[in-house]
Protein chains: 2
Amino acid sequence: MSTPLSIKIDRSSPIPLYHQVAQGIEGAIRDGSLASGTRLENEIELAQRLRLSRPTIRKAMDDLVQSGLLVRKRGVGTQVVSSQIRRHLELSSLNDDLERAGKKPSTSLLSFEHIPAPTEIQELLSLPKDVSVYHFTRLRSASGSPLALMENWVRDDIVELDEKSLQAHGLYELLREAGVNFRLAQQRIGATTADDIQAKALDTAAGSALVTMQRTAVDDTGRNVETGAHVYRADAYSFEMTLVQR
Amino acid sequence: MSTPLSIKIDRSSPIPLYHQVAQGIEGAIRDGSLASGTRLENEIELAQRLRLSRPTIRKAMDDLVQSGLLVRKRGVGTQVVSSQIRRHLELSSLNDDLERAGKKPSTSLLSFEHIPAPTEIQELLSLPKDVSVYHFTRLRSASGSPLALMENWVRDDIVELDEKSLQAHGLYELLREAGVNFRLAQQRIGATTADDIQAKALDTAAGSALVTMQRTAVDDTGRNVETGAHVYRADAYSFEMTLVQR
DNA sequence: TTTGTCCAATTGTCCTGACAAAAAATCTGT
DNA sequence: ACAGATTTTTTGTCAGGACAATTGGACAAA
């Protein structure tokens, strides 16, 4: 049942060929021209048709298998699994998420200080002794209603932060602009009930459910750049993800 | 700074060479002989020393980069990021998790029925009209104290379930034994507060915080095998994961 | 009808080789 | 001593080929 699948390859483009292929296939899946369950052309045929080598095709498919869009089976072929995969829970900020979702995020800075790292934070960030941290709390709202209360610590030897920029921009945005390339993050999601202070800030009742999230983010040089503890109104936010068996 | 790194390769083993390499490196990282931040031998040298080709080495390293153990940088080399990565939030059951953690999970079956699928479930599982489902709720305890309340729906055309086997075994265990190969799952994590029934079952106070999780699992043939809604005592459970930037 | 065997299709693994691109280290001219 | 250019090191991308392993179907035998 091999579907034709027309993909344009631009050999003069700086973006790698395998990635062009992956994008092409992903696009076809997302816009519905490759329905869930469809079997793809086999690798060799596709390679010949696009005038690419089989390893290149395989690399493209590998990536899509990783992200859960395709399933391969030896002796059988490659199938589209689902067209409704939410992209793997990414290393993104709440700000990014909201903007993508078309909401209008706004932030108010509740506190800001530049202090020597408390021992707990020093350990979490594996800080050298002479490095201090920025410590601040922010309230993030979407379309006017409060959504999250965020407390963060950021080491001060990477970027200079001040009240003004934090009001206007997302933290991850600022860090990326400063040349930080995030590589991975350790994250823990749980639940709690709102205490009086949290309830007031989030405009909800004391005792209402909150989603908690702690995260420590690492950049490409291995430094722990940032750690934070966030709470979200449970009625307004939840974490979605797609798990892929490897 | 290339560390020697001794890895044994067994060419007669059925396990792929690249995987042997990956296991070797991962082992060295986890047992501390490759400390965080260490730079590895470069690919070509390692390939020559192990008498393997560079693509094989690269494939091994790719996998480790994916799981967040290594970071590569063109012109620089490959570094160990962290030795304390929790393996990527896996497609595992609570039962598996607890057994790995050395707890003694026990399950009590609170209800069990074999019914035509409600339309909502029928949609979630993309069921054909003639397929019914098993619907059951279980209470999972660890080391004696109640931990999670789990409600599940399983299509009935894959495996035959009954009360006895669900008492004795984990759901995923049963499904895997029936030949189901899970490939991916869509998951949503949030929070809520305990109502009277939940509180009683979980031996906690009404209004206390609970972590909620909904999951739909897909097997390698693209079938949605199972969907469920679980709640966990927030003081006893949270979700940990490592996010990797790709 | 059932069981077993073989064959074709397809992905999985592994190899060799080549050049490109980025980063770091080194050299050179001032 | 410094700035800029050059070289070296290292990973990234791509090609082509070979054989192995698994699956599913067709066919033959019981």
Side-chain angles (χ1 to χ4, degrees), chain A residues 1-3 7 9-23 25 38-66 70-81 179 181 183 219-222 245-246, chain B residues 1-3 7 9-23 25 38-66 70-81 179 181 183 219-222 245-246:
Chain A
M1 293 301 94
S2 54
T3 329
I7 296 176
I9 299 298
D10 175 6
R11 295 198 90 102
S12 67
S13 157
I15 107 170
L17 299 177
Y18 70 84
H19 201 245
Q20 294 185 36
V21 175
Q23 283 180 332
I25 298 176
T38 317
R39 232 184 76 218
L40 260 60
E41 276 176 275
N42 74 61
E43 300 171 350
I44 299 177
E45 198 178 306
L46 187 58
Q48 286 176 348
R49 207 159 57 72
L50 300 182
R51 319 237 178 223
L52 294 171
S53 72
R54 189 177 159 216
T56 302
I57 301 293
R58 271 187 75 75
K59 171 88 168 121
M61 289 188 170
D62 274 344
D63 290 355
L64 296 175
V65 169
Q66 283 297 324
L70 297 180
V71 164
R72 285 191 291 202
K73 243 172 152 181
R74 189 183 280 191
V76 180
T78 305
Q79 276 187 317
V80 178
V81 179
N181 295 308
R183 265 312 132 83
D219 77 356
D220 59 358
T221 66
Q245 183 79 336
R246 315 210 307 151
Chain B
M1 295 300 95
S2 54
T3 329
I7 296 177
I9 300 297
D10 175 7
R11 294 197 92 103
S12 67
S13 158
I15 108 172
L17 299 178
Y18 71 84
H19 200 245
Q20 294 184 36
V21 176
Q23 283 179 331
I25 298 176
T38 317
R39 231 184 76 220
L40 260 60
E41 278 175 273
N42 74 59
E43 299 172 349
I44 298 176
E45 200 178 304
L46 187 58
Q48 285 176 347
R49 207 158 57 71
L50 300 181
R51 320 237 175 220
L52 295 171
S53 72
R54 190 178 158 215
T56 302
I57 301 293
R58 272 188 75 77
K59 169 86 167 123
M61 289 187 169
D62 275 344
D63 289 355
L64 296 175
V65 169
Q66 283 296 325
L70 297 180
V71 164
R72 285 191 291 201
K73 243 171 150 182
R74 190 183 279 191
V76 181
T78 305
Q79 278 187 315
V80 178
V81 180
N181 295 307
R183 266 309 132 85
D219 77 355
D220 59 359
T221 64
Q245 183 78 338
R246 316 207 310 154

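Hydrogens, waters and symmetry mates are skipped; everything else that's a heavy atom, side chains included, is used. Below, chains carry the letters A, B, ... as their sequence lines are ordered, and counting in each starts from 1.
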Distance check: side-chain N/O of A:Tyr18 vs OP1/OP2 of D:dC14, anything under 4.0 Å?
no
B:Arg51 atom CZ is separated from C:dC14 atom C1', nearest whole Å, by 17 Å
I need the single residue from B:Thr78, B:Asp62, B:Leu52 that forms a side chain to side chain contact (heavy atoms under 4.5 Å, CB included) with B:Ile57. Which is it?
B:Leu52
Under 4.0 angstrom, heavy atoms only, what part of the nucleic acid is B:Leu17 near: base, sugar-phosphate, or nothing?
sugar-phosphate
Please work out if B:Pro16 contacts a base, only the sugar-phosphate, or nothing of the nucleic acid, heavy-atom cut-off 4.0 Å.
sugar-phosphate
Please tell me which of A:Arg11 and B:Thr78 maps to the more 5' nucleotide of DNA chain D, matching each residue to the nucleotide holding its nearest heavy atom.
B:Thr78
Listed partners of B:Arg58 passing side-chain contact (heavy atoms from CB on, under 4.5 Å), at least two apart:
B:Glu43, B:Arg54, B:Arg72
Rounded to whole Å, please give me the gap between CD in A:Gln48 and C1' in D:dG16.
12 Å
Base, sugar-phosphate, or nothing for B:Ser53, non-hydrogen atoms under 4.0 angstrom?
base
Once you round to the nearest 0.5 Å, how far does CG of A:Leu40 lie from CG of A:Leu46?
7.0 Å
Sequence neighbours excluded, the answer for side-chain hydrogen bond (donor to acceptor under 3.5 Å, both in side chains) partners of B:Ser13 is none
From CG of A:Asp62 across to P of D:dT13 the rounded distance in Å is 13 Å
Classify the nucleic acid contact of A:Leu52 as base, sugar-phosphate or nothing, counting any heavy atom under 4.0 Å across all strands shown.
sugar-phosphate
Whole-Å distance separating the CD atom of A:Glu43 from the P atom of C:dT13
11 Å
Ignoring backbone atoms, establish whether A:Thr56 has a side-chain N or O less than 4.0 Å from OP1 or OP2 of D:dT13.
no
To the nearest angstrom, the CZ-P distance between A:Arg72 and D:dA21 comes to 18 Å
Whole angstrom is fine here: how far is it from CZ in B:Arg39 over to C1' in D:dT11?
11 Å
What nitrogen or oxygen pairs link the protein and nucleotides 18-24 of chain C at under 3.5 Å?
unit_1, atom_1, unit_2, atom_2, d
C:dA21, O4', B:Arg74, NH1, 2.9
C:dA21, O3', B:Arg74, NH1, 2.9
C:dA23, O4', B:Arg74, O, 3.4

A:Ile44 atom CD1 is separated from C:dT11 atom C1', nearest whole Å, by 9 Å
Round to a whole Å and report the spacing from CD of B:Gln20 to C1' of C:dC14.
13 Å
